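Report on the structure given below.
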Amino acid sequence: MLMSRQLARHLVPLALTVILSMVGSTTSPTLPPKPDGDVVPKCSKLLNKCWWIPRSLIHLPGKPPKTGKPGKNQKITKPVCEFKGAAQACTDPVKGNWSNSQQCYMRREVPQPPPADPRWQGHKDGSIWACVREQGYDKGKHLVTKWVWLPGTPDTVVVDPMTLVYQAVGMMQLAPPLIKTAPAAGQIGLVNMPVWLWVTKSENTWGPIVRSASVPGLTVTVTAQVKAVNWGLGDGNTIRCEGPGTPYTKAMGVKDSPDCGHRYKKTSHDLPDCKYPVTATAQWDITWRSTLGDVGQISMTQQAATQLRIGEAIPVLVDPDGGDAVSPTEAEC
């Protein structure tokens, strides 16, 4: 046993030296700058890529676990993933990353279920994760999925940068757009007259907003910004406004909006509540970068709604003999 431990102490630094020398060769992928923390290099010939991972420390039987760098009672090991004591691959491109405590591959549901979904179990924070495990033997093998609510991220041995990406996005608390219109909700617009559309900008309704999430040896920084707003006008027309739109002021008179507006051709008299249903869908452009050099982009939308009442100008009939003015009657909404 003593000789085995002494041999291990010599072989482990030698193995790390070999890995570093391979990374430094002209035919192998380059290793990114070493991040803070106790990390070791890892390379994949298949991906032609190298990165740093946190050092895994496992204490010897009968000894209390320790943190920090390996000591006399600790040894360097590869990440250990086990299913009922049997070795298990720590990551799968489809199933996700293995969690020893959940005994399955964990993958965050995208998009997340609606708030009324029973999988939330009454919770309003955290995330819903798919817990995937293979069962059966030979031709009878099949995947079994259950859904788990977690307040944070699962204890997967291998951390997927996307897990940190969604954690950072969750910290942003992105919200639906703040709709403004002229005429405003509660007022009445007129057929063939300009309607102005815009949204009020704030950090979590328009951006840019930046948040970061980290685990030892890996940090992901995420930036979110609304790219455009798609307006559904309720009359079968949609418009795409690349910016937030221009707020209306009385000085604008009856001019069209310079960048985000509409003119209705018919009244809303025959619609429910005599109003056009209007929606504004903000399209978020979310980019991320990790300290391992990985970059990526995801999309997300947030929608808000309002209603617009559109009428028409009613002519007034004037009695040339001086009688009272009479206007045509119109059914009430």
Side-chain angles (χ1 to χ4, degrees), residues 111-118 120 124 173-202 204-207 225-285 299-333:
Q112 287 282 281
D117 193 291
W120 286 102
K124 296 183 179 180
Q173 297 184 336
L174 302 182
L178 301 173
I179 294 179
K180 297 291 184 179
T181 64
Q187 298 179 338
I188 301 177
L190 295 176
V191 170
N192 292 320
M193 294 296 286
V195 174
W196 288 50
L197 308 165
W198 72 96
V199 296
T200 301
K201 294 169 61 176
S202 66
N204 66 335
T205 62
W206 187 264
Q225 170 77 64
V226 172
K227 182 178 181 180
V229 178
N230 296 314
W231 293 85
L233 286 311
D235 61 350
N237 291 295
T238 59
I239 60 173
R240 178 181 175 85
C241 299
E242 298 297 333
T246 302
Y248 177 82
T249 63
K250 291 184 178 179
M252 304 297 184
V254 293
K255 296 179 181 179
D256 285 307
S257 169
D259 51 7
C260 195
H262 183 60
R263 287 179 182 250
Y264 286 94
K265 304 301 182 184
K266 296 181 180 180
T267 72
S268 57
H269 182 269
D270 295 330
L271 297 174
D273 297 328
C274 295
K275 296 176 182 178
Y276 281 108
V278 177
T279 59
T281 304
Q283 181 181 340
W284 287 89
D285 187 11
S299 297
M300 184 177 295
T301 59
Q302 292 276 358
Q303 186 179 92
T306 188
Q307 293 179 315
L308 288 177
R309 183 175 177 182
I310 303 296
E312 59 184 350
I314 300 176
V316 176
L317 303 180
V318 179
D319 185 349
D321 296 328
D324 294 334
V326 179
S327 59
T329 59
E330 182 179 5
E332 293 292 333
C333 284

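Remember, it's a predicted structure, so these values are computed and weren't measured experimentally.
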Flag side-chain contact, heavy atom, 4.5 Å: [X] against [Y]:
{"X": "V278", "Y": "T181", "value": "no"}
{"X": "I239", "Y": "L233", "value": "yes"}
{"X": "D235", "Y": "K266", "value": "no"}
{"X": "C260", "Y": "T246", "value": "no"}
{"X": "R240", "Y": "W231", "value": "no"}

Atom of [X], atom of [Y] and distance for their closest heavy-atom approach:
{"X": "T306", "Y": "A185", "answer": "OG1-CB, 3.8 Å"}
{"X": "K265", "Y": "V191", "answer": "O-CG1, 3.4 Å"}
{"X": "A280", "Y": "V229", "answer": "CB-CG1, 3.9 Å"}
{"X": "W284", "Y": "Q302", "answer": "NE1-CG, 3.6 Å"}
{"X": "A304", "Y": "P177", "answer": "CB-O, 3.3 Å"}

Side chain to side chain donor-acceptor pair (under 3.5 Å) between R263 and N192, intermediate numbers included: CA-CA 5 Å; R263 287 179 182 250; N192 292 320; over 6 Å; no
Rounded to the nearest 0.5 Å, what separates atom [atom1] in [X] from atom [atom2] in [Y]?
{"X": "T205", "Y": "Q173", "atom1": "OG1", "atom2": "CD", "value": "13.0 Å"}
{"X": "Q303", "Y": "N230", "atom1": "CD", "atom2": "CG", "value": "10.0 Å"}
{"X": "R309", "Y": "T267", "atom1": "CZ", "atom2": "OG1", "value": "9.5 Å"}
{"X": "I310", "Y": "L271", "atom1": "CD1", "atom2": "CG", "value": "10.5 Å"}

- prompt: Parallel under 30°, tilted from 30 to 60°, perpendicular over 60°: which one fits the rings of W196 and Y248?
  reply: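 The rings of W196 and Y248 stand perpendicular, inter-plane angle above 60°.
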message: By the definition side chain to side chain contact (heavy atoms under 4.5 Å, CB included), identify the one residue from V199, N204, T200 that meets it with S202.
response: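 Running side chain to side chain contact (heavy atoms under 4.5 Å, CB included) over V199, N204, T200 with S202 returns exactly one hit, N204.
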message: Going by the rule salt bridge (Lys or Arg N to Asp or Glu O under 4.0 Å), which residues pair with D259 if we only count those two or more places apart in sequence or in a different chain?
response: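 Scan of D259 (salt bridge (Lys or Arg N to Asp or Glu O under 4.0 Å), adjacent residues dropped) gives none.
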Are any side-chain N or O atoms of [X] and backbone N or O atoms of [Y], one a donor and one an acceptor, separated by less than 3.5 Å?
{"X": "Q283", "Y": "M300", "answer": "no"}
{"X": "W120", "Y": "P113", "answer": "yes"}
{"X": "S268", "Y": "C274", "answer": "yes"}

- request: Please step through side-chain contact (heavy atoms from CB on, under 4.5 Å) for the pair W206 and Q225, ending with a clear verdict.
  value: CA-CA 6 Å; W206 187 264; Q225 170 77 64; 3.1 Å; yes
